[in-house]
Amino acid sequence: MCIRDLAMRFLNEINSPADLRQLRVEDLQEVADEVRQFIIDTCARIGGHTGASLGAVELAVAMHYVFDTPRDRLVWDVGHQAYAHKILTGRRDRLNTIKQPGGLSGFLRRDESEYDTFGAGHASTSLSAALGMAIARDRKDENFHVCALIGDSSLAGGMAMEAINQAGHLKSRLIILLNDNDMSIAPAVGALNGYLGRIKEAQSYQHLKEEIGDALESVPGIGGTLRRAAKSFKDAIAAAVLPGALVNELGFKYIGYVDGHNVPALVKALEEAKKVDDGPVIVHALTTKGKGFPNPEKNYYAYHATGPFDPKTGQPYKSAKTAPPSYTTVFGDALCELMAEDERIVALTAAMPDGTGIDRALEKFPKRSFDVGIAEQHAVTFCAGMACEGLKPVAAIYSTFLQRGFDQVIHDVCLQDLDVTIAMDRAGIVGADGPTHHGLLDITYLRGYPNIVLMAPKDERELRDMLATAVAHNGPAAIRYPRGNGVGVEISAKPSLIEIGKAEVLSEGSDAAIIAYGSMVYPAVEAAEILAKKGVKAGVINARFVKPLDAETILKAARSSRVIVTAEEAYLAGGFGSAVMELLEENGLLDAVKVVRLGIPDVIVPHGDPEALLAGYGLNADGIVSAVTKAIESLKADPADKGRLKVA
Ligand SMILES: Cc1ncc(C[n+]2csc(CCOP(=O)(O)OP(=O)(O)O)c2C)c(N)n1
């Protein structure tokens, strides 16, 4: 039977996991089919993390069946794959709002549901959080279960490895369900992936049993207990103790592998895991990303997340609009051009090859390009090491994920003044992915330390120039640029170098100077045009650099304008406007000019339409016009401010 024909006979009655737990195990596979169909129908209309969520349907059904949620705690890693969890926990009717303005989050939020025990969005956090909950449970003398669900790529992330290290040592009861689909967003990479692969490739159950026996024997002291635990596992569930790190050395038990799309088998495995009462246990489930996606082409890479698509064929609905190339594409191509000319340049991504445009370098220069997996901290220090030996690494990392590598940028790169370039894609408001993914902090967290050059292009051509400039610069440099398409300028020219620390004066004006950083430059230009029509002369400066600031140009503007308006797509605290204020203060100009800083105030920015969100914070042409107008009005109205009025 085609699952599209199912009448949702179970799902319509499941309004909480308690309803699910009323059903017979034999009915659960059908529940999973209905959930899968529900996800396909919803994502076909509005897009979403389709493939990731389709791969975790049976896992969600089995977990909510076996565990007494929300009393038992489920902790999802990243949370992008949790659509089935949302459906089963009372949010079915709102799934069609997921990632939409005002709708459900695309990830997990404690304030969205009591079943979302831990907020998520960034990878590899679940094991630490789950271990913390398990230890708190023990201290409170309570007895609920804690189960973390983590993907194979997130398991390789540094934090997850650190949690494994501690979990094995603490010996608290903790269940880890490993969702192993051999994929990150791109194909999974790294030695851990190979290790999991070797387990899967074990020739037969018998072969596994032999390995178990040997491994069990070799565990000093507790070998007998492990052997007894292993013997109780049945049927299709092979019981194994992984050779090497996870068990022998780190104190984990292992159940697996199990077919992650077979709900009864999963239920059985999780029931076994519940019985392990003397330490952490891993249930190893094999899944297929995009399971059931209605497109016969096995292109999981493309549908980890999708836009809207035809639910019958899986084909994406193509937008009729032709748009300028994305910043990501322009960056990826420019990097390849530079790599072709200079063999010292190497390219890096941390599990986001297509998201950052590094896929192009990986294809063209496979020996000089690296996907390090979900390992931003390692990526940065790996770059630092290569720079020590004379290479010129360029790491492309989303602004939000570079937060992970903050200390590495400071301690390993900047302190040693090493020649590393960091390209921060998705800097600014990202839209539907929301608070965990907005890249609003990088100016603040990078600006406060010596040596690094920080810049932001006004358009895609300037991005190419800045990349060439950063690579040519013999020291740390970072470039921030937004998600989405460029503004549509001509980009065929060979990139040219920009003078470091030099702003670009786009127009002069005696009434106000708008000093804009990166994505705010074009709105500033538009604002100046609107103001000119109203008789207000506002000049526009494309700051280009927040570090080093172009002190000469900014001070000149402050001495000749009554009003300075700064604009940045970032948090105001410690941001670009703050840097300008500091400069004015250092030069005794704060009392002589009215400064208005436009940016993101001290709030958590929700998910939503980027343009609407930016408009809400005054970060568009209208917002800038209004800020300039109000500042000029306030000078006229407030006699105390008269001192600021100047003759141009
Ligand atoms: C720190 C961090 N880096 C990168 C990402 C982007 N990201 C989201 S999901 C994902 C892949 C996760 O792979 P896996 O854990 O195997 O789960 P799967 O999607 O395969 O189910 C990545 C890299 C992230 N969310 N957090």
Side-chain angles (χ1 to χ4, degrees), residues 39 48-60 75-85 99 105-108 119-129 148-162 176-190 192-193 196-197 260-261 284-291 293 300-306 348-356 358-359 371-380 395-406 408 424-426 430 432-439 483:
I39 292 174
H49 277 105
T50 314
S53 283
L54 289 177
V57 168
E58 285 79 7
L59 304 182
V75 185
W76 291 75
D77 207 272
V78 189
H80 64 309
Q81 76 294 59
Y83 287 24
H85 160 79
K99 297 177 92 176
S105 161
F107 301 93
L108 297 183
H122 287 198
S124 313
T125 63
S126 62
L127 304 192
S128 303
L149 178 132
I150 188 165
D152 51 313
S153 296
S154 298
L155 180 66
M159 265 183 88
M161 285 290 146
E162 290 166 33
I176 297 173
L177 178 54
L178 174 58
N179 175 16
D180 183 1
N181 55 19
D182 227 1
M183 292 285 293
S184 180
I185 291 178
V189 293
L192 183 74
N193 178 255
L196 294 174
H261 298 299
H284 186 179
L286 304 191
T287 62
T288 303
K289 204 164 208 173
K291 174 84 176 169
F293 189 76
Y300 312 124
Y301 196 24
Y303 59 69
H304 167 86
T306 65
L348 281 102
T349 172
M352 310 297 290
D354 63 330
T356 57
I358 292 290
D359 52 351
D371 178 356
V372 301
I374 305 175
E376 291 80 5
Q377 298 175 303
H378 161 68
V380 174
I397 301 178
Y398 288 8
S399 164
T400 186
F401 299 144
L402 187 66
Q403 289 163 200
R404 281 278 166 90
F406 172 58
Q408 285 71 13
M424 296 178 293
D425 202 323
R426 309 303 198 267
V430 296
D433 280 341
T436 52
H437 284 57
H438 294 315
R483 181 178 194 277

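Since the model is a prediction, treat every value here as computed from it, not as a measurement. Counting starts at 1 for both ligands and their atoms, in listed order.
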Atom 11 (C) of ligand 1 sits nearest the protein heavy atom Ser184 OG, 3.4 Å
Between Asn179 and ligand 1, which part of the residue brings a heavy atom under 4.0 Å of the ligand: side chain, backbone, both or neither?
-> side chain
Looking only at protein heavy atoms, what sits closest to atom 10 (C) of ligand 1 is Ile185 CG1, 3.6 Å
Got a donor-acceptor contact below 3.5 angstrom from the His261 side chain to the Glu58 backbone?
-> no
What's the spacing between Leu177 CG and Asp77 CG if we round to 0.5 Å?
-> 11.5 Å
Within the distance-only criterion (no hydrogens, no angle test), does the side chain of Thr50 pair as donor or acceptor with the backbone N or O of Gly48 below 3.5 angstrom?
-> yes
When rounded to the nearest 0.5 Å, the distance separating CG of Leu155 from CE of Met161 is 4.5 Å
Quick note on ligand 1: atoms under 4.0 Å from a heavy atom of Gly151 include exactly 14 (P), 15 (O), 16 (O), 17 (O)
Which protein heavy atom lies closest to atom 16 (O) of ligand 1, and at what distance to 0.1 Å?
-> Met183 O, 2.8 Å
Candidate pair Leu108 and His85, rule side chain to side chain contact (heavy atoms under 4.5 Å, CB included), full reasoning | CA-CA 10 Å; Leu108 297 183; His85 160 79; 4.0 Å; yes
Using the side chain to side chain contact (heavy atoms under 4.5 Å, CB included) rule, take Asp425 and Ser399 through it: C-alpha gap first, then chi angles, then the decisive distance, then the call.
-> CA-CA 6 Å; Asp425 202 323; Ser399 164; over 6 Å; no
Which value, rounded to the nearest 0.5 Å, describes the distance between Leu402 atom CG and Met424 atom CE?
-> 6.5 Å
Sub-3.5 Å N/O-N/O distance, Glu376 and ligand 1 | yes
Among Glu376, His122, His438, find the one that has a side-chain hydrogen bond (donor to acceptor under 3.5 Å, both in side chains) with Thr400.
-> His122
Rounding to 0.5 Å, atoms OG1 (Thr356) and CZ (Arg426) come to a distance of 8.5 Å
Ion pair present between Lys99 and Asp433, side-chain N to carboxylate O less than 4.0 angstrom?
-> yes
Is Gly121 close to ligand 1, meaning an N/O of one under 3.5 Å from an N/O of the other?
-> yes
Can you find an N/O atom of Met352 closer than 3.5 Å to an N/O atom of ligand 1?
-> no
To which protein heavy atom is atom 18 (P) of ligand 1 closest, and what is the distance rounded to 0.1 Å?
-> Lys289 NZ, 3.4 Å
Contact (N/O only, under 3.5 Å) between Ser154 and ligand 1 = yes
Identify the protein heavy atom lying closest to atom 9 (S) of ligand 1, giving its residue, its atom name and the separation to 0.1 Å.
-> His80 NE2, 3.6 Å
Between Thr349 and Met352, is there a donor-acceptor pair closer than 3.5 Å when you use the side chain of the first and the backbone of the second?
-> yes
4.0 Å heavy-atom contact, His304 with ligand 1 | yes
Quick one: which ligand 1 atoms are inside 4.0 Å of a heavy atom on Arg404?
-> 1 (C)
From the candidates Ala351, Ala123, Ala156, the one that places a heavy atom nearest atom 26 (N) of ligand 1 | Ala123
Atom 5 (C) of ligand 1: which protein heavy atom is closest, and how many Å away?
-> Phe401 CZ, 3.3 Å
So is His437 polar-close to ligand 1, meaning N/O to N/O under 3.5 Å?
-> no
Of all the non-hydrogen atoms in the protein, which one sits nearest to atom 21 (O) of ligand 1, and at what distance?
-> Asn181 ND2, 3.4 Å
